[in-house]
Amino acid sequence: MKPHSRTESPDSPNDLRSTDPLNEGPVALADQNENPALDVREQELELLAIAFGPLVWVVHFLASYLTNAVYCAKYAGESGDAAVVRWSILVFTLIAIAAISAISWFSYRKHRHQNSALPHDEDTAEDRYRFLGFAGYLLSLLSIVAVIFTGLVAVFVTTCD
Amino acid sequence: MIEDQPDVEPLASAPPPEVQAAQVERLKAAWARPIGWRWFSEVNNNVIGWWYTVTSFAFFLFGGVLALLMRIQLAVPDNTFLTADRYNQIFTMHGTVMMFLFAVPILESISILLLPAMMGARDLPFPRLSAYGYWCFLIGGTFVCGSVFFDAAPKGGWFMYPPMTTEYQKGIGADIWLLGLSFIEIASIAAAVELIVGVLKCRPPGMRLNLIPLYSWYILVVGIMILFAFPPLIAGDILLEMERAFDWPFFDVSRGGDPLLWQHLFWIFGHPEVYIVFLPSIALIAMIIPTFAKTPMVGYGWIVLAAVGTGFLSFGLWVHHMFTTGLPGISLGIFSAASEAVAIPTGIQIFCFIATLMVGRVQKSICMLFAIAGLATFIIGGLTGVMIAIAPFDFQAHDSYFIVGHLHYVLIGGTIFPITAGIYYYYPSVTGHMLSERLGRWAFWLMFTGFNVSFFPMHITGMIGMPRRIYIYQSGLGFETLNMISTIGAFVLGAGILILVVDLFRPKSREKFAARNPWGAGTLEWLAASPPVQNWGVRSIPEIDSRYPLWDQPNFVRDVDEGRFYLPDAEEELRETLVTSVIDAKPVQCLRVAGPSYLPLLAAVFTGGVFILGTYYLWWLSAASGVLAIATIWWWLWTGTALISEKDSKDIGLSCTLPIYVSGPGAVGWWAMFITMLGDMTAFASLVFGYFFYWTIHEQFPPEGSSGPGWLLPTCALAAAMAAWLATIAARRVNKRNQATQYYAYATVAIAASVLASILLWSAPIQADMDPTKHAYEAVVWVLVGWTVIHTSLGTLMLVYCFARRIAGRMTDEYDADITNVTLYWHFIALTVLITVAVIAGFPLVNR
């Protein structure tokens with residue numbers, strides 16, 4: 001991008017922005033909550049971050065479905081036992097729940113940044129930061145429920161039939 | 001805490017009246033609509049959005065007439081009103097028209113029309129792309145619909161299942177469907193790119209992500225969904241058309257194919273599609289409810305959760321359309337679970353709407369009648385949806401009229417009623433006139449009653465055993481009364497829609513214009529003047545401090561109207577709008593948007609030629625049309641994009657100076673390329689999925705007696721493609737340093753290497769004597785090779801374009817958007833070639 005002459009606010013020395021979102025610096029996470037110099041200025045990846053929970057669901061969903069589809073089609077036969085698949089899905093589910101729990105913890109901290117309450121509708125960078133944390137938090141809760149739904153299938157269905 | 005930038009305030013005093021008047025004159029000149037026959041060259045979002053909406057509404061009426069014909073046929077047993085063949089054409093076209101020519105396009109068109117206004121933008125970032133999409137839609141839609149009048153329409157159902165459509169229907173109907181709709185899908189993806197970039201980059205300054213209108217959230221989600229849902233269908237269309245036209249046996253079981261692959265690809269598109277049409281409709285309700293409840297939406301964050309969550313989960317539902325195809329139990333369970341889970345976000349947003357209505361003081365209106373009817377109807381459809389998401393229940397209800405009842409409750413409740421609410425709501429902002437309350441009441445009660453009388457009995461008809469998609473039934477089976485009731489209901493519904501149409505199109509020139517912002521809404525689109533006269537949207541682009549600026553920001557309308565905010569002028573008399581940053585909407589660019597041009601129309605005509613001539617297997621003419629299309633698009637890009645401006649930056653008022661030309665990730669063009677290529681990669685991934693799908697169904701894959709393409713030629717092709725990619729990156733770098741000679745050298749290397757890559761990859765299956773009609777394995781290898789070679793060849797063309805641009809002085813070290821975007825394209829191409837070679841050459845090695 002060409003530099004432009006718009007008067008920016010005095011940028012802090014630790015400006016994380018770069019012109020390339022693929023080479024973005026780390027997203028300012030809420031674990032720096034107590035840090036008074038917390039940088040809530042915009043990071044382009046911040047929008048993507050609200051979808052991290054659902055993205056874990058996607059990976060879990062595809063892993064569970066593909067493992068089952070391939071195993072039943074290639075190895076087990078039509079009414080074969082699916083124990084391998086069930087154990088795999090159990091493992092996938094535990095990993096996914098752990099990952100989403102971490103994501104939901106980080107987003108919750110963003111949402112509760114400086115103990116501010118909803119609705120996060122002020123025209124400030126802090127409220128935008130909290131709002132994205134809140135959206136990410138809700139989405140990660142939904143993702144945990146959806147992952148558990150998928151995981152439960154392996155509890156109740158036992159064969160490839 | 002690091003302080004954020006202080007908020008910008010509008011000018012303290014209005015500019016003198018003569019200054020304001022001069023500004024308005026210049027804006028008028030810049031945005032003047034072409035008159036007379038040149039009107040068809042207009043590309044502004046207001047005009048294109050309006051044409052688009054009217055066209056898709058016309059297709060809706062056409063689809064409705066087809067539905068009435070079906071209801072006449074089914075009114076009485078043993079009816080001879082329609083023949084079986086005619087009936088099949090009509091029900092296929094009804095589904096096709098309603099889904100592809102009405103539901104998706106009208107929501108895109110409404111967004112093209114209204115989204116810039118909701119975000120205080122003067123236009124969308126790529127007006128000519130919108131125009132191109134519109135003309136593609138008009139040409140393709142007319143072609144597909146026209147086939148009914150020549151007894152040549154597709155008749156395989158809106159889902160076109162093979163082998164019905166490959167072995168038993170030899171006419172051109174299925175080709176019209178496959179090619180005509182692929183063409184329209186391109187238009188849909190074009191609109192999706194436009195809308196995603198619009199929401200992310202063209203918001204007014206200060207409209208941070210926590211302040212954007214809910215409509216924009218929904219449209220962002222829907223745009224991304226289109227990007228991942230439509231490409232699998234395009235991939236499926238390619239496979240099915242290759243089988244029909246050239247006998248490549250993708251779905252022919254006797255030669256290693258499998259019809260289930262089509263069902264997977266179709267429903268990976270088809271189920272998200274339901275939410276692609278539902279979410280923008282519910283988005284209209286999300287704009288209407290706060291206005292009539294006179295209070296901000298309750299649970300803004302929860303609605304964002306609902307929109308994004310539904311967007312994701314809706315991709316995990318497709319197999320519930322295939323519960324009876326004999327898939328393993330765990331697979332059914334996984335999709336059943338996701339189908340139940342999607343009810344959670346859907347329910348949450350409905351609770352938010354109800355809560356808002358309870359908190360506020362609701363004002364009665366026709367809009368609210370339709371909005372609430374939509375919610376109620378959708379809830380009923382959603383509940384029957386939860387029933388049939390349970391696989392054992394679905395085994396019973398599958399392919400019965402229960403499903404017809406269910407899907408119409410979802411689609412009419414989820415789209416038609418909300419869209420009608422939206423029409424009543426936004427009609428004054430678009431035309432300056434109100435629709436009649438009295439006629440509206442008639443239309444509503446007829447539509448609502450007619451709809452329920454028509455579709456509720458279908459649940460029972462299905463439960464007592466009437467299968468769907470039949471053109472006739474015998475008497476004495478208990479279907480007579482229920483079918484007659486459904487037919488009567490359908491005509492009552494039709495009468496309601498007729499009243500709506502009369503109200504929409506009756507002349508209103510003698511009526512007084514509506515008041516400005518007649519409903520007292522709080523969002524930006526209601527800045528629109530009444531009567532609406534300007535093409536440029538807002539008088540000045542405001543700084544936003546609230547989710548409902550018209551309610552919350554003092555003197556807001558006055559400040560906008562007096563030009564106290566940004567960009568109140570068009571000094572150069574060029575069309576301009578603001579580009580802002582993704583997260584906090586800080587102004588980053590003053591974007592010059594394109595003005596009127598015939599090129600999009602011309603490009604659409606030639607692109608249409610490729611598909612329409614292809615339908616008749618006129619391959620040479622089709623190819624010639626393709627060459628003309630490419631030439632037109634070249635001309636369009638050459639004369640209309642990445643133009644070097646007469647100055648570097650521009651003062652847009654309120655002491656803000658912005659660059660006019662931006663390249664790289666800050667530029668809207670870069671984003672458009674990135675987003676388009678995500679969709680492109682999804683289509684490619686669907687083809688790769690096909691390869692591995694065949695692997696799972698065959699004992700041995702590659703099959704006995706099939707020679708693969710070997711590893712030598714594909715690996716050489718990969719090496720050449722990587723060389724082209726690296727040379728492209730190097731060319732961009734040296735161009736940036738203004739080392740012209742080196743730039744030309746690297747670009748030449750890249751061009752040569754990319755041509756070599758195409759030739760080597762294409763030769764691999766030829767040299768191995770692979771016959772694509774022999775087995776699905778050969779066919780799928782060929783289709784991967786073909787896909788990749790088309791992409792490397794396009795890459796070559798783009799490199800030649802950049803070479804020529806630099807020679808012509810239209811690209812320099814500083815103004816380098818062309819080569820930057822082409823480099824981005826090549827990142828994706830390098831990945832495509834790598835995956836193709838790994839699959840066709842690598843997989844047989846490890847799998848032997």
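Quick note on labels: first sequence line is chain A, next is B, and so on, each numbered from 1. The figures here come from the full heavy-atom set of this structure, side chains too, leaving out hydrogens, waters and symmetry mates.
- Residue B:Gln553 holds its CD atom at 8.0 Å from CG of A:Asp123, rounded to the nearest 0.5 Å.
- Between the OH atom of A:Tyr75 and the OG1 atom of B:Thr696 there is a distance of 10.5 Å, given to the nearest 0.5 Å.
- For the pair A:Ala146 and B:Leu313, the tightest heavy-atom approach, listed with the atom from each and the gap, is CB-CD2, 3.8 Å.
- Sorted by first and then second residue, the pairs that involve residues 137-161 of chain A and meet ring-ring contact (aromatic ring centres under 6.0 Å, His included), not counting sequence neighbours, are A:Tyr108-A:Tyr137.
- Proximity to chain B is limited to the side chain of A:Phe134, based on heavy atoms less than 4.5 angstrom apart.
- Interface residue A:Thr159: only backbone heavy atoms are found under 4.5 Å from chain B.
- Of the residues considered (A:Leu47, A:Val157, A:Leu138), A:Leu138 shows the highest number of contacts with chain B, using heavy-atom pairs under 4.5 Å.
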Q) Under the ring pair (Phe, Tyr, Trp, His ring centres under 6.0 Å) criterion, do A:Phe131 and B:Tyr300 qualify, and how do the steps go? A) CA-CA 10 Å; A:Phe131 165 75; B:Tyr300 179 96; 5.4 Å; yes
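- Using a 4.5 Å cut-off between heavy atoms, A:Arg86 contacts chain B through its side chain alone, with no backbone atom that close.
- When B:Phe693, B:Trp217, B:Phe692 are compared by the number of non-hydrogen pairs under 4.5 Å with chain A, B:Trp217 comes out ahead.
- Proximity to chain B (any heavy atom under 4.5 Å) is restricted, for A:Leu142, to the side chain, taken from C-beta onward.
- Using a 4.5 Å cut-off between heavy atoms, A:Leu141 makes no contact with chain B at all.
- Contact of B:Leu305 with chain A is made through backbone and side chain together, with heavy-atom distances under 4.5 Å.
- Between the CZ atom of A:Arg128 and the CD1 atom of B:Ile212 there is a distance of 12.5 Å, given to the nearest 0.5 Å.
- Contacts between A:Val153 and chain B at a heavy-atom distance below 4.5 Å involve the side chain alone, from C-beta outward.
- For chain B, the nearby part of A:Asp161 is the backbone; its heavy atoms alone come within less than 4.5 Å.
- Contacts from residues 95-102 of chain A to chain B, taken as heavy-atom pairs separated by less than 4.5 Å, involve no residues at all.
- B:Trp302 CH2: 12 or fewer foreign heavy atoms inside a 6.0 Å radius.
- A:His120 and B:Asn210 get closest at one heavy-atom pair: O-ND2, 3.0 Å.
- At a 4.5 Å heavy-atom cutoff, B:Gln589 makes no contact with chain A through either its backbone or its side chain.
- Annotation: maximal heavy-atom pairing with chain A below 4.5 Å, among B:Gly333, B:Pro296, B:Gly326, B:Gly311, occurs at B:Gly333.
- Only the side chain of B:Val304 comes within less than 4.5 Å of a heavy atom in chain A; its backbone stays farther off.
- Checking side-chain atoms of A:Lys74 against main-chain N and O of B:Ile697 turns up no donor-acceptor pair under 3.5 Å.
- Separating the OG1 atom in A:Thr124 from the CG atom in B:Asp545 is a distance of 11.0 Å, to the nearest 0.5 Å.
- Using bins of under 30°, 30° to 60° and over 60° for the plane-to-plane angle, the ring pair B:His264/A:Tyr65 lands in the tilted bin.
- Ranked by heavy-atom pairs under 4.5 Å with chain B, the list A:Thr150, A:Leu132, A:Asp121 is led by A:Asp121.
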(Q) Quick one, A:Val58 with B:Phe315, criterion side-chain contact (heavy atoms from CB on, under 4.5 Å). Give me CA distance, side-chain angles, the key distance, then yes/no. (A) CA-CA 9 Å; A:Val58 169; B:Phe315 279 85; over 6 Å; no
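- Counting only heavy atoms from C-beta outward, the side chains of B:Pro328 and A:Asn68 approach each other to under 4.5 Å.
- Note on B:Gly309, B:Pro345, B:Gly316: by heavy-atom pairs under 4.5 Å with chain A, the leading option is B:Gly316.
- Interface summary for chain A: among B:Ser546, B:Gly206, B:Ser581, the most heavy-atom pairs under 4.5 angstrom belong to B:Ser581.
- Both the backbone and the side chain of A:Ala51 come within contact range of chain B, each with at least one heavy atom under 4.5 Å from a heavy atom of that chain.
- Put simply, CD1 on B:Ile583 and CG on A:Leu45 are 8.5 Å apart, with the number rounded to the nearest 0.5 Å.
- When heavy atoms are compared at a cutoff of 4.5 Å, B:Leu211 approaches chain A solely by way of its side chain, counted from C-beta outward.
- Contact annotation for A:Ile148: neither backbone nor side-chain heavy atoms come within less than 4.5 Å of a heavy atom of chain B.
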